[in-house]
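For ligands, and for the atoms within them, numbers begin at 1 and follow the listed sequence. It should be emphasised that the depicted structure is a prediction, and the values quoted were computed from it without experimental measurement.
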Amino acid sequence: MNPSNSPPDRPADNAFDQGVAWLDGHFVPLSEARISVFDHGFTRSDATYDVAHVYRRRVFRLDRHIARFMRSLKSLRFEIPFDSDGLRALLLEAVRQTALDDAWIMMICTRGRPPFGSRDIRLCRNNLIVCVVPFIWLATPAQREAGLTATVSTLVRIPPHSVDPRVKNFHWLDFVRSIFEAQERGSDLAFLCGEDGRVTEGAGFNVFMVKGGEVLTPADGVLEGITRASVLDICADEGVPARVAVFDAAALRAADEIFVTTTSGGIVPVVRLDDRPIGDGRPGPVTRKLNEIYWRRHESAPWSEPIDI
Ligand code: PLP
């Protein structure tokens, strides 16, 4: 169900040397990409970012990632010295500086730091940082084939009216605690609910369930993932009933199939939730079909384009 010649689970030890970073107007080796410890991106998580990916030397839905990043920048009042076309050219050039076939393209904007002694964030010079790093997978090939296990976290997702989850951010402490909780329960992943009990998302992925042949994903209170949008697009193209919806953990537990979606690995089946099998405890037919189509769409336009032209 997954590409047979998937790269290894983890990049080689020298992986860092294979990537490249761009900051302050220059390309540098990743090991030389540094920001000040006084940058508010570090001290206050005052930053936004996006991650697109390259698979077999083709970039996937880059314009979607750039558009989301641009919206995030605007929402947080960040300024960068590029428009969408300029950023796109920079990102592609960064990938061309590497020989990586499968990679993450990270774009990060931090607030920077105000002049020493000032607390006026309007005086900060925002920092745009681009990093191309070897692809980092959410799950190993074996896990992607057999499916992951998950738990419904006791932690409440940071409310969307406090930190807008549609603006991709590093406010990860609810996720970090949920990761420890999942590990303590022997699960691979944790799903977080909102204050009202609605299922939201987890640390770096969106959640889907299949019930009675219909594909459902939380309507709001989540990052509008590019992989999530891709699944909804594929469903529309293939005539698979799908919609965004509001559902709680009880509905999720009663699902026929569950999967998560992320740039770091696509569509990954979840076969157990809180120690109970989902369906027959194996990746279901809808998940498998969507996953196959998702990876096929990496082979050609319009969703994917070659890096080297
Ligand atoms: N939700 C959160 C909180 C994420 O951080 C991510 C990706 O990092 C996703 C969902 C999945 O988004 P995408 O499919 O664009 O990678």
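With a 4.0 Å cut-off on non-hydrogen atoms, Phe205 touches ligand 1 through its backbone and not its side chain. Of the heavy atoms in Thr263, both backbone and side-chain atoms come closer than 4.0 Å to ligand 1.
Asn127 places no side-chain N or O within donor-acceptor distance of the main-chain N or O of Gly112, the cut-off being under 3.5 Å. Distance alone, capped at 3.5 Å, places no donor-acceptor pair between the Lys211 side chain and the Asp256 backbone. At least one donor-acceptor pair under 3.5 Å links the side chain of Thr48 to the backbone N or O of Lys168.
Looking from atom 1 (N) of ligand 1 to the surrounding protein, the closest heavy atom is Glu201 OE1, 2.7 Å. The nearest protein atom to atom 14 (O) of ligand 1, hydrogens excluded, is given as Thr227 OG1, 2.5 Å; this is a heavy-atom distance. Nearest protein neighbour of atom 4 (C) of ligand 1, counting heavy atoms only, is Gly204 CA, 3.4 Å.
Looking only at atom types and distance, the side chain of Arg61 has a donor-acceptor partner in the side chain of Ser230 under 3.5 Å away.
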Residue pair Gln143, Asp188: steps toward the side chain to side chain contact (heavy atoms under 4.5 Å, CB included) verdict: CA-CA 10 Å; Gln143 286 175 318; Asp188 298 313; 3.9 Å; yes

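Set against the non-hydrogen atoms of Phe175, the atoms of ligand 1 under 4.0 Å away are 3 (C). Each of the following atoms of ligand 1 lies closer than 4.0 Å to a heavy atom of Arg68: 15 (O). With ligand atoms numbered from 1 in the order given, ligand 1 contributes 4 (C), 5 (O), 6 (C), 7 (C), 8 (O) to contacts under 4.0 Å with heavy atoms of Lys168. Taking every heavy atom of Gly225 and a limit of under 4.0 angstrom, the matching atoms of ligand 1 come to 12 (O), 13 (P), 14 (O), 15 (O).
By the 4.0 Å heavy-atom criterion, Thr262 is counted among the residues contacting ligand 1.
With Phe208 as the aromatic partner, Arg228 does not meet the cation-pi criteria of under 6.0 angstrom to the ring centre and within 45 degrees of the ring axis.
The ring of Tyr294 has its center closer than 6.0 angstrom to the ring center of His298. Within the 6.0 Å centre-distance limit, the rings of Tyr49 and Phe170 are counted as a close aromatic pair.
Taking only nitrogen or oxygen atoms, main chain and side chain alike, Ile226 reaches within less than 3.5 Å of ligand 1.
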